[in-house]
Structure formats: C-alpha cells, structure tokens
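Residue numbers begin at 1 in each chain, while the letters A, B, ... track the order of the sequences. All figures in this text were calculated on a predicted structure; none of them were measured in a lab.
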Protein chains: 2
Amino acid sequence: MADQEVDWTSHAESRIHEAGLKKSGPRGRVIESLAGRDCAATALEIDAELEGVGRATVYRAIEQLEELGLVQKVDLGGSAFGYEKVDPSGHHHHHIVCDDCGKVEPFEDEALEEAIHDIHRKGFKLEKHEVTLHGQCQDCR
Amino acid sequence: MADQEVDWTSHAESRIHEAGLKKSGPRGRVIESLAGRDCAATALEIDAELEGVGRATVYRAIEQLEELGLVQKVDLGGSAFGYEKVDPSGHHHHHIVCDDCGKVEPFEDEALEEAIHDIHRKGFKLEKHEVTLHGQCQDCR
DNA sequence: CGACAAAGTGAGAATGAGTCTCATTTACTA
DNA sequence: TAGTAAATGAGACTCATTCTCACTTTGTCG
Ligand SMILES: [Zn+2]
Ligand SMILES: [Zn+2]
Ligand SMILES: [Zn+2]
Ligand SMILES: [Zn+2]
C-alpha cells in the first residue's frame with residue numbers, strides 16, 4: 001500500500017468523523033477499495049468486489065464521499081459512471097477513452113490546467129472540471 | 001431558421017445519403033429538432049417533442065448521426081445524456097453545469113482549445129474532447 | 001410500371017444502472 | 001446502560017436506453 005493511499009484513507013475517515021457521521025465497517029471497506037485504485041471504478045465493480053456489502057451501502061458511501069469532496073464522479077463514456085478518490089492536495093488527472101474498446105487511461109497536463117484555471121464565468125462559482133479526450137487506442141487502429 | 005441550421009440539416013441529409021442510408025420522414029424530424037437547438041437536448045426531450053415518432057427511432061437516428069460525426073453526446077451531469085449537432089467547421093463549445101439546479105450553459109474558450117490541441121498521447125489517435133466545468137450558478141449561491 | 005431486397009419504423013418487452021423503502025443493527029452519548 | 005441517530009442489506013422500484021419483431025417504406029433493377 002502506497003503512502004498516498006494510507007493518507008487518503010485516513011484523511012477520508014477523519015473527514016467523515018468531522019462531518020458527524022459514525023464509523024462503520026461496510027463503508028470502511030468501500031473506502032479501502034477506492035483507496036487501492038489510482039483510477040476510476042464503477043459502483044457495481046466495487047459492489048461486486050465487496051462480498052457482504054450491500055449495493056445500497058456502496059452507493060450511499062460513494063455519495064457521502066462525493067459530497068465531502070473525497071471522491072469524484074467521472075464519465076467514462078460507457079453506460080455507468082466511474083468514481084475515483086480525490087487527492088486532498090488538489091493534484092488530479094483527466095482521462096483518455098478509446099471509443100472502440102472502452103479502455104481508459106489517465107493523463108495530466110499542466111498547460112491544460114492553467115487554461116482551465118483562467119476561465120471565469122460571470123454568475124458561476126466554478127468548483128471543479130472534467131476533461132475527457134476521445135479517440136482510438138493502438139490496438140483498435 | 002438561421003443559415004447555419006439550414007447548412008447543418010442539408011449537410012446531415014447528404015452525409016446520410018452518402019452512407020447508403022435511405023431517406024425517411026421520422027429521422028428527418030429528429031434532424032430538424034437537433035438543427036433547431038444550439039445546445040444539447042436529451043433523447044427523451046426530442047422524443048416528447050416529436051409526436052408520432054417512436055422512441056426507438058429517435059435513439060436510432062441519434063446513434064446513426066453520432067456515428068457519422070454529425071451529433072455528439074454530452075454528459076450534463078444528470079441521469080440522461082444530452083445530444084447536440086456538430087458544426088462541420090469544427091467550431092464548438094463546451095459546458096458549465098450548476099451542480100445544484102442542473103442548469104447548463106455553453107461557453108467557448110480559445111486558450112483552452114489550444115491547450116487541448118497541444119496534447120498528444122502516444123498510442124492514441126485523439127479525435128474529440130469533452131470539457132465540463134462544474135459549479136454553482138447565481139441563483140443557487 | 002411491378003417485384004425484390006434492404007433500410008426504416010413503432011409498440012412494447014427487456015435490460016441495467018441507480019434509487020428508495022423498511023425492518024433491523026450498530027455506534028455514539030449522556 | 002438507555003436513548004437516539006446513523007448505518008445497513010434485501011429487494012422493490014424508477015427510468016434511460018436497448019432490443020425484438022412484425023410491418024412499412026424506399027430505392028433499384030428488369
Ligand atoms: Zn482516473
Ligand atoms: Zn484538471
Ligand atoms: Zn452545448
Ligand atoms: Zn473544445
């Protein structure tokens with residue numbers, strides 16, 4: 001387990017405690033599952049991975065984590081959304097999707113972040129952003 | 001009806017003909033509906049607008065148009081996807097979504113487009129991109 | 001013109017992700 | 001330890017989207 005995972009897990013647990021929520025095993029396992037990945041997974045993938053944890057609990061946990069800004073929802077082009085942990089430092093990545101086979105790869109780009117940071121919109125308080133690049137991967141050319 | 005709509009409509013109809021597809025009234029009405037909007041609508045909104053056109057036909061038409069690059073799918077954060085016409089010139093916009101009320105506004109940003117254009121990814125042929133900014137609109141502050 | 005094949009269509013069934021309900025259990029707090 | 005609010009899991013439910021299928025339209029060829 002990498003340091004970052006430990007950090008995110010305990011960070012998540014403390015934010016949950018600060019929010020007045022109770023400690024719980026099933027939600028803890030959802031947090032662990034998210035901590036162990038470096039890119040997005042669907043709610044049903046997590047549900048399938050966690051035997052003995054109900055679907056409703058998985059969705060609820062993800063929802064709570066999302067409200068606390070600990071997890072973000074990402075559209076991976078398929079039929080289900082993906083969810084991935086949010087690094088408290090603000091460090092993040094975006095995604096490239098192969099529209100043929102569905103493969104998803106994370107990427108980072110500083111110039112892109114700057115361009116987005118410079119966008120201001122009257123009447124809107126901007127909080128986050130999502131960028132998805134679409135194309136074809138090597139295997140599908 | 002603006003010039004651009006006429007252009008996109010006939011452009012769409014010819015591309016459909018070129019693709020070996022047959023002329024059809026119901027699909028024509030779906031094309032009209034998309035032509036008449038300058039931002040995204042959901043499939044069910046279009047279906048509701050077009051009395052006498054079956055749901056399956058609306059979805060099929062959108063799918064065909066999407067495959068021909070005439071329409072693009074956009075994730076508006078809600079439960080359904082939006083679809084909007086693609087200008088053959090390549091001119092396009094992205095979206096700002098209010099996560100509280102769901103309001104969607106289009107925006108354009110040249111610096112953002114340049115930053116995206118400069119992104120290259122080994123093993124991927126990039127074809128399109130989607131950018132969504134999230135925040136709160138004035139009414140929801 | 002017909003006649004044929006391929007594309008198109010609409011009603012409704014089916015699918016599948018996500019949400020809701022509710023009776024029961026668990027965690028904190030006084 | 002009792003009270004209270006949060007948490008849980010099974011399963012019912014919703015709703016966007018896809019699929020099926022019998023039937024119609026379109027375009028082509030003779
Ligand atoms: Zn990711
Ligand atoms: Zn970013
Ligand atoms: Zn738009
Ligand atoms: Zn763009």
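- On the nucleic acid side, DNA chain C contacts chain A at distances under 4.0 Å to non-hydrogen atoms, with the end points of that region at C/dA17 to C/dC28.
- Other residues, nucleotides and ligands place no more than 12 heavy atoms under 6.0 Å from the CD atom of B/Q138.
- Following chains of ILVMFWY side-chain contacts shorter than 4.5 Å, one cannot reach A/L44 starting from A/I62, and the two form parts of different hydrophobic clusters.
- Applying the 6.0 Å contact sphere to NZ of B/K23 captures no more than 12 heavy atoms from other residues, nucleotides or ligands.
- For DNA chain D, the residues of residues 52-62 of chain A within the heavy-atom distance limit of 4.0 Å (strictly under) are A/G52, A/V53, A/G54, A/R55, A/A56, A/T57, A/R60, sorted by number.
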*Report, as a single string ordered 5' to 3', how protein heavy atoms within less than 4.0 Å touch nucleotides 23-30 of chain D: B base, S sugar-phosphate only, - not at all.*
---BS---
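- Sequence order on DNA chain D of the closest nucleotides to A/G28 and B/Y83 puts A/G28 first from the 5' end.
- Nearest heavy-atom pair, A/K73 versus B/G77, reported as atom, atom and distance to 0.1 Å: NZ-O, 4.0 Å.
- Counting to the nearest Å, the P atom of D/dG11 and the CG atom of A/D47 are 13 Å from each other.
- B/T57 pairs by the side chain to side chain donor-acceptor pair (under 3.5 Å) definition with B/R60, not counting sequence neighbours.
- Checking side-chain atoms of B/W8 against main-chain N and O of B/D87 turns up no donor-acceptor pair under 3.5 Å.
- At whole-Å resolution of the value, CD in B/E67 and P in D/dT18 are 11 Å apart.
- Nearest heavy-atom pair across A/R121 and B/P106 is NH2-O, 3.4 Å.
- Within the structure, ring pair (Phe, Tyr, Trp, His ring centres under 6.0 Å) pairs that include any residue of residues 114-141 of chain B comprise B/H92-B/H129, B/H94-B/H129 (at least two apart or interchain).
- Side-chain contact check for B/Y83 versus B/L65: every heavy-atom pair is 4.5 Å or farther apart.
- Remark: A/R141 pairs with no residue by the side chain to side chain donor-acceptor pair (under 3.5 Å) rule, at least two apart or across chains.
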